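Everything numeric here is computed off the predicted structure, so don't read it as measured data. Residue indices begin at 1 and follow the sequence shown. What you see below is based on every heavy atom in this structure, not just the backbone, and it leaves out hydrogens, waters and symmetry mates.
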Amino acid sequence: MNNLIKRTLISDAGLEAIILRVPIGLILAAHGSQKLFAWFGGNGLEGTGQWMASVGLNPGFVMALLAGSAEFFGGIALVLGLLTRPAAVISAVTMLVALFWVHWGNGFFLSSHGIEYALALLSATLALTVIGGGRYSLDRYLIDTRETNYE
């Protein structure tokens, strides 16, 4: 179990991880805050829940809570590099649902609410799942760095 935790947290990535983590995390956190708190012009849990139910994601309120939490808290975790791989996986699953359930029938481009944006976020979160948080992340401090190649 200890080995699994270390493999999840250890990452030899350098600047590429933080360059990807921070903007993707901010984007996800902002979208999640729209769903959870009605910030930045969002509809909050009630409005997002009603919309999710209208597109067949039931129960709508629970789905809004799950999606909003995955985006908001996952996004913050990505910015900090805290449990990067688990946060990226959860975010990727959320983007996969958005891509196929919400955007698939609308074509490719963002202008028609197509898959373009969800696909970009899915790709970025999958990349973060593979590369991890890197040297400049809080993940590094959750393990005993004497046993890694960071030094």
Side-chain angles (χ1 to χ4, degrees), residues 4-104 106 108-143 145 150:
L4 175 64
I5 293 169
K6 285 183 180 181
R7 284 187 308 188
T8 300
L9 297 177
I10 291 173
S11 170
D12 290 329
L15 287 176
E16 65 274 15
I18 198 167
I19 289 169
L20 189 56
R21 267 192 5 249
V22 172
I24 296 302
L26 289 173
I27 291 166
L28 288 168
H31 280 274
S33 72
Q34 289 180 309
K35 292 173 180 70
L36 294 177
F37 313 119
W39 295 349
F40 309 113
N43 296 318
L45 279 174
E46 194 64 38
T48 303
Q50 290 173 2
W51 176 81
M52 286 191 163
S54 77
V55 297
L57 290 166
N58 289 303
F61 184 86
V62 173
M63 297 303 279
L65 181 63
L66 291 172
S69 296
E71 291 175 0
F72 182 74
F73 295 109
I76 290 172
L78 291 178
V79 169
L80 298 173
L82 179 63
L83 301 173
T84 303
R85 284 187 171 110
V89 166
I90 291 168
S91 298
V93 169
T94 303
M95 290 304 104
L96 196 61
V97 171
L99 192 147
F100 285 109
W101 198 277
V102 177
H103 300 286
W104 189 258
N106 299 324
F108 183 79
F109 293 102
L110 181 61
S111 59
S112 62
H113 302 285
I115 66 168
E116 177 182 23
Y117 193 62
L119 181 61
L121 290 174
L122 173 62
S123 299
T125 53
L126 287 175
L128 286 168
T129 300
V130 173
I131 68 173
R135 291 184 180 108
Y136 309 106
S137 68
L138 292 180
D139 286 347
R140 179 178 179 191
Y141 299 100
L142 294 177
I143 56 173
T145 57
Y150 288 127

Which atom names give the shortest non-hydrogen contact between Gly74 and Ala87, and what distance separates them?
O-CB, 3.9 Å
Tell me, which pairs form a side-chain hydrogen bond (donor to acceptor under 3.5 Å, both in side chains) where one or both residues lie in residues 62-77, sequence neighbours left out?
Lys35-Glu71
With a 4.5 Å heavy-atom cut-off, do Val102 and Trp51 have their side chains touching?
yes
Just by distance, do the side chain of Glu16 and the backbone of Gly14 share a donor-acceptor pair under 3.5 Å?
yes
Residues passing the ring pair (Phe, Tyr, Trp, His ring centres under 6.0 Å) test with Phe100, sequence neighbours excluded, are Trp104
Working to the nearest 0.5 angstrom, can you tell me the gap between Leu99 CG and Thr94 OG1?
12.5 Å
Nearest 0.5 Å please: distance from the OG atom of Ser11 over to the CG atom of Leu128.
9.5 Å
Of the non-hydrogen atoms in Ile131 and Ala13, which two are nearest, and what is the gap between them?
O-CB, 3.9 Å
Is there a donor-acceptor contact under 3.5 Å from the side chain of Asn43 to the main chain of Thr48?
no
Pairwise distance CE(Met63) to CG(Leu57) - rounded to 0.5 angstrom
4.5 Å
Hey, are the side chains of Leu80 and Ser137 touching, using non-hydrogen atoms and a 4.5 Å cut-off?
no
Nearest 0.5 Å, what's the CD1-CZ distance between Ile10 and Arg140?
11.0 Å
Rounded to the nearest 0.5 Å, what separates atom CG in Leu78 from atom CG in Leu83?
10.5 Å
Results of ring pair (Phe, Tyr, Trp, His ring centres under 6.0 Å) for His103 - residues two or more places apart only
none
Can you sort out the partners of Phe73 under ring pair (Phe, Tyr, Trp, His ring centres under 6.0 Å), two or more places apart, ordered by chain and number?
none
Any chance you could measure Gln34, atom CD, to Leu45, atom CG, to the nearest 0.5 Å?
12.5 Å
Within-4.5 Å side-chain heavy-atom neighbours: Leu142 and Leu82:
yes
Just by distance, do the side chain of Thr125 and the backbone of Leu122 share a donor-acceptor pair under 3.5 Å?
yes
Heavy atoms only: give me the nearest Ala64-Leu36 pair and the separation to one decimal.
O-CD2, 4.4 Å
Between Trp101 and Val55, is there a donor-acceptor pair closer than 3.5 Å when you use the side chain of the first and the backbone of the second?
yes
Without swapping roles, check the side chain of Arg21 against the backbone of Gly132 for a donor-acceptor pair under 3.5 Å.
no
For Trp39, the ring pair (Phe, Tyr, Trp, His ring centres under 6.0 Å) test, sequence neighbours excluded, returns Phe37
Is there a side-chain contact (heavy atoms from CB on, under 4.5 Å) between Met95 and Leu28? Walk through the geometry before answering.
CA-CA 10 Å; Met95 290 304 104; Leu28 288 168; 4.0 Å; yes
Crowded around Phe108 CZ? As in, over 12 foreign heavy atoms under 6.0 Å?
yes
Could you name each residue pair satisfying side-chain hydrogen bond (donor to acceptor under 3.5 Å, both in side chains) that touches residues 74-91, not counting sequence neighbours?
Thr84-Asp139
Which atom of His31 lies closest to which atom of Tyr117, heavy atoms considered
NE2-OH, 3.5 Å
